[in-house]
Amino acid sequence: MRHPYLTIDLDKIERNARTVVELCAQHGIEVTGVTKGVCGQPDVARAMLRGGVSSIGESHLENIRRLKSAGIETSHMLLRLPPLSEVAEVVEVADVSLNSELAVLAGLSAAAQRRGQVHEVILMVDLGDLREGIWPDEIVPFVRKVLRLPGVRIKGLGTNLACFGAVAPSADNMNQLVALACEVEQTFGFALEWISGANSSGLELIASGRMPKRVNQARIGEAILLGRETIHRKPWPGTFQDAFVLHAEVLELRKKPSLPVGERCEDAFGKHPTFEDRGEVMRALLNVGREDVDVEGIAPIDARIMILGGSSDYLVVDVGGAAGGVRVGDELTFSVTYGALLAAMTSEYVEKRCLPE
Ligand SMILES: *Cc1c(COP(=O)(O)O)cnc(C)c1O
């Protein structure tokens, strides 16, 4: 096996999906499984679908294309706002998209009409996280304009929290979303099918029973992939945190001082790193680096090993505690955060290996 590589345990992902789907189902919420953290890897999407998610959410059209050409037939949701320049591709590739701009909705409508279809949209409301979304007091006039576009159908309202402004979902902001939905329904006399309130940050609110009943849709990525809610990044009960493991090989193993020797300058990334003097340490150089992962986002599975730092193509670790047991050519393993997972999935130097094979 070529190193470094990332193992992807599909059974664990399936079981994580089932745990999340069953919890949400108990509270009347259906789950879209989000695969953007794994670049739309088709086997991962299939594992999520086996675990019971009812559709797949992606932020990239090319990932949706990959899923479809791998034969994954489900409803595909485009999570990132569609670019005005690509409305024709969006209506062709995605079944539903999240939106907040009238000009884009007009473009989607025209593109859908040209294809003789109606494109479904969820209108995103910004409840304070300050990423995408229409401000709450604009919703009613906004919906009035969207209803004049024959090529799009408003499937529901949605919101995204805990991403940019780190605003946590709460009974308050979720009730605000529901109140807006009711106002839209009463003003225009039609029913909104989906109130899409949550991502992985909403699991605690859902499990505590404080999620308002009308919220009936969630878009969940990290909790399924890595088994964590995202308010405190606590392991979620009944899920695995180790469906993804990064493996790298020891290239050099030597005892060296812990302080660099000689006059100091910038490192390879223009930084001035500081080091603690711990005497001589047994150091291993591994064949994974910043070109492959977010070095700050990985942690050795063997707790006796400590990461000292990384350059573009090396990771430097202190194997002190495990020194006797590590040899050149050995493989060391690391857990990954969402950011490190995304980087490893994106790097063409990291081989991906699905389990079971
Ligand atoms: C990424 C994303 C999600 C999934 O978020 P997780 O925290 O991974 O569950 C949901 N909705 C939108 C709009 C997203 O961009």
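Counting from 1, the numbers follow the sequence of the chain as shown. Quick note: numbers below take in every heavy atom, side chains included, and nothing from hydrogens, waters or symmetry partners. In listed order, ligands and their atoms are each counted from 1. Model, not experiment: these values are computed from the prediction.
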Seminar exercise, completed: For Thr74 and Ser54 the tightest heavy-atom approach is OG1-O, 3.4 Å

Problem set entry | Carboxylate-amine/guanidinium contact Glu58 Lys36, below 4.0 Å | no

Starting from the N and O atoms of ligand 1, collect every protein N/O partner closer than 3.5 Å and put each pair on its own line with the distance to 0.1 Å.
{"unit_1": "ligand 1", "atom_1": "8 (O)", "unit_2": "Glu222", "atom_2": "N", "d": "2.9"}
{"unit_1": "ligand 1", "atom_1": "9 (O)", "unit_2": "Ser200", "atom_2": "N", "d": "2.9"}
{"unit_1": "ligand 1", "atom_1": "9 (O)", "unit_2": "Ser200", "atom_2": "OG", "d": "2.5"}
{"unit_1": "ligand 1", "atom_1": "9 (O)", "unit_2": "Gly221", "atom_2": "N", "d": "2.8"}
{"unit_1": "ligand 1", "atom_1": "11 (N)", "unit_2": "Asn160", "atom_2": "OD1", "d": "3.3"}
{"unit_1": "ligand 1", "atom_1": "11 (N)", "unit_2": "Arg219", "atom_2": "NE", "d": "2.8"}
{"unit_1": "ligand 1", "atom_1": "11 (N)", "unit_2": "Arg219", "atom_2": "NH2", "d": "3.4"}
{"unit_1": "ligand 1", "atom_1": "15 (O)", "unit_2": "Lys36", "atom_2": "NZ", "d": "2.6"}
{"unit_1": "ligand 1", "atom_1": "15 (O)", "unit_2": "Arg131", "atom_2": "NH2", "d": "3.1"}

Side-chain atoms of residues 287-306: list all donor-acceptor pairs with protein atoms under 3.5 Å, sequence neighbours left out, distances to 0.1 Å.
{"unit_1": "Asn287", "atom_1": "OD1", "unit_2": "Glu249", "atom_2": "N", "d": "2.8"}
{"unit_1": "Arg290", "atom_1": "NE", "unit_2": "Gly310", "atom_2": "O", "d": "3.3"}
{"unit_1": "Arg290", "atom_1": "NH1", "unit_2": "Glu296", "atom_2": "OE1", "d": "3.2"}
{"unit_1": "Asp292", "atom_1": "OD1", "unit_2": "Ser347", "atom_2": "OG", "d": "3.0"}
{"unit_1": "Asp292", "atom_1": "OD2", "unit_2": "Gly289", "atom_2": "N", "d": "3.2"}
{"unit_1": "Asp294", "atom_1": "OD1", "unit_2": "Glu296", "atom_2": "N", "d": "3.2"}
{"unit_1": "Asp302", "atom_1": "OD1", "unit_2": "Arg304", "atom_2": "N", "d": "2.9"}
{"unit_1": "Asp302", "atom_1": "OD1", "unit_2": "Arg304", "atom_2": "NE", "d": "3.1"}
{"unit_1": "Asp302", "atom_1": "OD2", "unit_2": "Arg304", "atom_2": "NE", "d": "3.4"}
{"unit_1": "Asp302", "atom_1": "OD2", "unit_2": "Arg304", "atom_2": "NH2", "d": "2.9"}

Throw together a table of side-chain donor-acceptor distances under 3.5 angstrom for residues 102-116, partners on residues two or more places apart or in other chains.
{"unit_1": "Ser109", "atom_1": "OG", "unit_2": "Gly151", "atom_2": "N", "d": "2.8"}
{"unit_1": "Arg115", "atom_1": "NE", "unit_2": "Gln117", "atom_2": "OE1", "d": "3.2"}

Exercise. Should we say atom CZ of Phe240 is surrounded by more than 12 heavy atoms from elsewhere, each under 6.0 Å from it?
Worked result: yes

Donor-acceptor pairs are to be reported for all side-chain atoms of residues 189-200 against protein atoms at under 3.5 Å, with residues two or more places apart or in another chain.
{"unit_1": "Glu193", "atom_1": "OE1", "unit_2": "Arg153", "atom_2": "NH2", "d": "2.9"}
{"unit_1": "Glu193", "atom_1": "OE2", "unit_2": "Lys155", "atom_2": "NZ", "d": "2.9"}
{"unit_1": "Ser196", "atom_1": "OG", "unit_2": "Gln217", "atom_2": "OE1", "d": "2.7"}
{"unit_1": "Ser196", "atom_1": "OG", "unit_2": "Arg219", "atom_2": "NH1", "d": "2.7"}
{"unit_1": "Asn199", "atom_1": "OD1", "unit_2": "Ser201", "atom_2": "N", "d": "3.0"}
{"unit_1": "Asn199", "atom_1": "OD1", "unit_2": "Ser201", "atom_2": "OG", "d": "2.6"}
{"unit_1": "Asn199", "atom_1": "ND2", "unit_2": "Asn160", "atom_2": "OD1", "d": "3.2"}
{"unit_1": "Asn199", "atom_1": "ND2", "unit_2": "Leu161", "atom_2": "O", "d": "3.1"}
{"unit_1": "Ser200", "atom_1": "OG", "unit_2": "Glu222", "atom_2": "N", "d": "3.4"}
{"unit_1": "Ser200", "atom_1": "OG", "unit_2": "Ala223", "atom_2": "N", "d": "3.0"}

